[in-house]
Each structure stands twice: as structure tokens, then as C-alpha cells.
Amino acid sequence: MQAALRALRLNTVELLRQPGLRRDVDVALAPADLDVTDERLVGDVVVALAAESTVDGIVVSGTVGVRWGDECRRCLAAVERRQAMEVNELYQDEVVDDDAFELGRDALDLSSTVRDAVVLALADPPPLCRDDCAGICPVCGADRNLATCGCDTVVRDDRWAALEQLDLEAPDDLN
Ligand SMILES: [Zn+2]
Ligand SMILES: [Zn+2]
């Protein structure tokens with residue numbers, strides 16, 4: 001097992017023996033180490049977690065930092081995204097809390113927790129390159145952030161035009 005992955009494995013015997021004990025898990029992992037093969041990922045996944053032994057079990061909290069390339073949903077420009085995914089999980093020897101996970105025998109392996117955070121970040125809907133992205137002209141395909149093409153892009157829908165006419169005629173029909 002690689003050193004980085006080994007850092008995600010905690011000795012729970014030691015932690016559970018002493019409530020209040022805390023172990024920091026600060027490690028950077030290549031996505032491939034986590035079995036995540038999304039080509040949008042850039043650089044390492046940065047794990048900054050702490051495992052704390054409490055009377056209820058072991059609480060794991062902190063962040064999993066992910067960086068990936070995406071496309072603006074309006075103009076398709078490349079956008080680099082960063083997100084620190086919050087982690088806050090409770091692991092118990094005997095699960096009594098509905099939201100808790102079961103502790104493994106002797107060791108707590110955080111790799112699936114980290115992997116889940118990465119996958120969740122990547123499932124985020126595509127962003128905008130900027131709040132006021134003007135998008136692509138539906139008529140000529142020009143990137144309207146870069147050029148003003150002058151196309152008439154007011155959306156007309158003939159069905160609505162027909163309805164407007166009906167509305168105008170309606171009062172006459174009633175009379
Ligand atoms: Zn854009
Ligand atoms: Zn245009």
C-alpha cells in the first residue's frame with residue numbers, strides 16, 4: 001500500500017482507548033491513488049481531516065480539497081474550479097446513531113470517505129465563467145463575451161403571437 005493511502009488508515013484501538021485523543025490526517029493524494037479516474041481533475045486531492053475520539057465513537061471532520069477543470073455552461077470556456085468539500089462523519093463500534101458508519105476492526109480507513117467527497121465535488125453542475133457571461137449567440141455562434149455580432153436574437157414564438165391575437169379578439173366574441 002502506498003504511503004499516502006496508508007496515511008488514511010487510522011489505528012482505532014489506540015483512539016478508542018482514550019476519548020479526547022485526536023489524530024490529524026494531512027496528506028495530498030493523486031486521484032489515481034483513490035481509484036478516481038476523472039480526467040477533469042487537476043493536481044492532488046488535498047486531505048485535511050482530524051479524527052477525534054469521543055464517548056460516542058470517532059468523529060472525522062475537516063475538508064477534502066479538489067481542483068478540476070470544467071466548462072462554462074453558457075459559453076463553454078475553460079473554467080478551473082476549486083472546492084473544499086466539508087467532511088463530518090461519526091464512526092461507531094456498534095452503530096446506534098442513524099447517521100453513523102460502522103468502524104472496521106482495529107482500523108478506520110478514510111479512503112472511501114475521501115473518494116466520496118471527490119466524486120461529489122465532480123458532480124457539481126457546470127458553473128458560469130463569470131456571473132454576467134453573455135454566452136454564445138444562438139444565430140451565428142459568436143462568443144458574445146468577445147464580440148458583438150449584432151444578430152437579432154429576440155426569441156419569437158408564433159404560438160404566443162397567436163394567443164395574443166386571441167386575447168385581443170376575445171372581448172368581441174363575448175359581446
Ligand atoms: Zn461563459
Ligand atoms: Zn450572432
Side-chain angles (χ1 to χ4, degrees), residues 2-9 24-52 59-91 98-101 108-173:
Q2 297 177 37
L5 271 186
R6 217 163 20 231
L8 295 181
R9 264 177 89 84
D24 289 325
V25 181
D26 290 299
V27 63
L29 297 117
D33 289 344
L34 293 163
D35 279 332
V36 182
T37 51
D38 194 307
E39 54 197 24
R40 291 176 297 165
L41 284 164
V42 180
D44 284 343
V45 173
V46 179
V47 177
L49 297 173
E52 206 166 352
V59 175
V60 174
S61 60
T63 58
V64 174
V66 185
R67 199 149 62 95
W68 75 104
D70 216 332
E71 282 179 345
C72 169
R73 67 172 181 269
R74 273 188 208 152
C75 73
L76 304 182
V79 184
E80 184 168 294
R81 308 179 70 185
R82 287 162 190 270
Q83 204 168 329
M85 302 298 287
E86 299 274 346
V87 172
N88 200 334
E89 314 275 29
L90 173 63
Y91 293 85
D98 284 346
D99 299 323
F101 295 95
L108 171 54
D109 185 357
L110 294 175
S111 59
S112 62
T113 302
V114 172
R115 188 182 308 115
D116 288 352
V118 174
V119 170
L120 203 64
L122 291 168
D124 231 29
L128 292 175
C129 59
R130 55 180 210 225
D131 285 344
D132 61 350
C133 171
I136 288 172
C137 170
V139 177
C140 73
D143 183 342
R144 292 190 292 198
N145 295 310
L146 304 174
T148 314
C149 57
C151 294
D152 181 2
T153 56
V154 177
V155 179
R156 287 201 193 78
D157 188 324
D158 291 341
R159 287 168 303 173
W160 287 108
L163 275 179
E164 273 166 28
Q165 264 181 341
L166 278 180
D167 279 341
L168 288 172
E169 287 161 8
D172 292 336
D173 293 344

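As the structure lists them, so they are numbered: ligands from 1, and atoms in each ligand from 1. Basis for what follows: all heavy atoms, side chains included, without hydrogens, waters or symmetry-related copies.
- Vertex the Zn ion (ligand 2); arms to Cys140 SG and Cys149 SG; angle rounded to 10 degrees, 110°.
- Here the straight-line distance linking atom CZ of Arg115 with atom CG of Asp33 works out to 10.5 Å at 0.5 Å rounding.
- Annotation for Glu39: atom CD does not count as buried by contact number, only 12 or fewer foreign heavy atoms lying within 6.0 Å.
- Looking at heavy atoms from C-beta onward, Val60 lies out of side-chain contact with Phe101 at the 4.5 angstrom threshold.
- Within the sub-2.8 Å shell of the Zn ion (ligand 1), the protein contributes these N/O/S atoms: Cys72 SG, Cys75 SG, Cys129 SG, Cys133 SG.
- Within the 4.5 Å cutoff, side-chain heavy atoms of Leu122 are placed close to those of Leu41.
- Leu34 is listed as a side-chain neighbour of Leu8, based on a closest heavy-atom distance under 4.5 Å.
- In this structure, Asp109 contributes its side chain and Ser111 its backbone to a donor-acceptor pair below 3.5 Å.
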